[in-house]
Amino acid sequence: MSAKRGYGDPVISQEHEQVVFGRDPRTGLRAMVAIHSTALGPSLGGCRMRPYADEQAMVADALLLSKAMSYKNALAGLDHGGGKAVIWGDPARDKSRDLFLAMGEFIATLGGRYITAGDVGTTVADLDVIHETNPWTTGRSPDKGGSGDTGILTAYGMQQAMRAVAKHVWGSDSLEGKVIGISGAGKVGGRLAVHLVREEGAEVVITDPLPDMVAKVVEQVPVEVVSSTDELISRPLDIYSPNALGHALTMDVAQRLDCTAVCGAANNQLASPEVATVLAERGILYAPDYLVNCGGVVQAAEEIPGFDMDRARGRVAKVYDTTLRVLERAQAEGILPEQAAAEEAEERMAAGSGAFRRF
Ligand SMILES: NC(=O)c1ccc[n+]([C@@H]2O[C@H](COP(=O)([O-])OP(=O)(O)OC[C@H]3O[C@@H](n4cnc5c(N)ncnc54)[C@H](O)[C@@H]3O)[C@@H](O)[C@H]2O)c1
């Protein structure tokens, strides 16, 4: 495997500092931790649980996700490198208290070089169990010293990032009257919709295949509901916000979107790097996902010194300045925002002392 440069490469190799596998036949645990970088401090990133097709798929996911965390954490201004843990299993079938206790023991062998958090397939309750055997655990419930659902500050950060996008595109950070299409009314998208209507005066059009998720939003604020993401992207929008699954921006979607900007929380939105180019060619500004969705990891990092919501919110609010700076840099240098974001992150990592790094 050859080492490629830049966030988003499908396969990574020699770039990672440390990759460790963990197996525990007693509990059925099959897991790994990938530490991409500790240049800025101990690595931080979520613990994902997925029924991977095979071991190679698990390895590829952990390597890519941990690298993405290095970039996200660097851009968020955190003194943390990037790391990720993955458990190979079906969250609906394979979870047990013993499995998560074993996972905690496995992570603890790294002695704090990797700090875990929640991710797809793991819950606050699972993180509480991991914490019993591993002190380097965030994303815990408030009564266990954690901050709870990180969707809270991810949504708040998205709101600030959208204001920065508006400032860059329309010259004012007001979102009043802007038509914003939200795909996915979950922990992030649902809260984002409420912020946008209530605090910004935006007109939100929303979709989610689960009626209950939509109902929760409709109970709180007036929004227009459409039946599918497909219908949403055929509508003229000011901002399109994917907040559901990865790879939401396929070539087909990029060619059909009728909007000024894309700004959403879903991780790995670009189905392929070429999609960013197509969006730019069509005059659609794409705000990189790992730049704008950092609120959750900032919330998790804020648990380490002891969580304080006001302090955490203050840190997350900085995503406004970072987003604006990256978009202005991209414009000034004639490069894609994706590239400008990657350059900012790489510069910060290169300037990192690496003082934490130790084997
Ligand atoms: N929660 C966080 O703190 C956080 C932080 C950073 C990034 N993200 C990313 O943001 C995205 C959303 O996270 P979340 O925590 O809100 O997840 P979630 O599971 O709470 O919500 C996702 C929602 O998307 C809906 N959905 C599924 N398929 C859809 C489709 N085809 N069209 C429209 N909606 C669809 C689901 O029904 C669900 O309600 C994920 O990609 C996640 O990785 C989340």
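Predicted model, so just to flag it, every value in this text is computed and none were measured.
Put simply, the side chain of R315 gets close to the backbone of G77: a donor and an acceptor are under 3.5 Å apart. Side chain of T229 to backbone of S183: no donor-acceptor contact under 3.5 angstrom is found. Panel note: side chain D94, backbone P91; no donor-acceptor pair is recorded below 3.5 Å. Checking side-chain atoms of R348 against main-chain N and O of A74 turns up a donor-acceptor pair under 3.5 Å.
Salt-bridge check for R97 with E132: passed, with a basic side-chain N closer than 4.0 Å to an acidic carboxylate O. For R163 and D173, the salt-bridge test passes: some basic side-chain N is under 4.0 Å from an acidic carboxylate O. A salt bridge links D119 to K84: at least one charged side-chain nitrogen sits closer than 4.0 Å to a carboxylate oxygen.
Between the side chains of Y71 and E346, a donor-acceptor pair is found at a separation under 3.5 Å. At a cut-off of 3.5 Å, with distance as the only test, no side-chain donor of R282 or Q255 sits close to an acceptor on the other residue. With 3.5 Å as the limit, one finds a donor-acceptor pair spanning the side chains of S66 and H16. Defined by atom type and a distance below 3.5 Å, a donor-acceptor pair is present between the side-chain atoms of D61 and Y52. Side-chain polar atoms of Q299 and S147 form a donor-acceptor pair below 3.5 angstrom. Side-chain polar atoms of T154 and Y156 form no donor-acceptor pair below 3.5 angstrom.
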Tell me, with the steps shown, if E105 and R23 meet salt bridge (charged side-chain N to carboxylate O under 4.0 Å, His left out). CA-CA 11 Å; E105 283 170 7; R23 286 190 192 280; over 6 Å; no
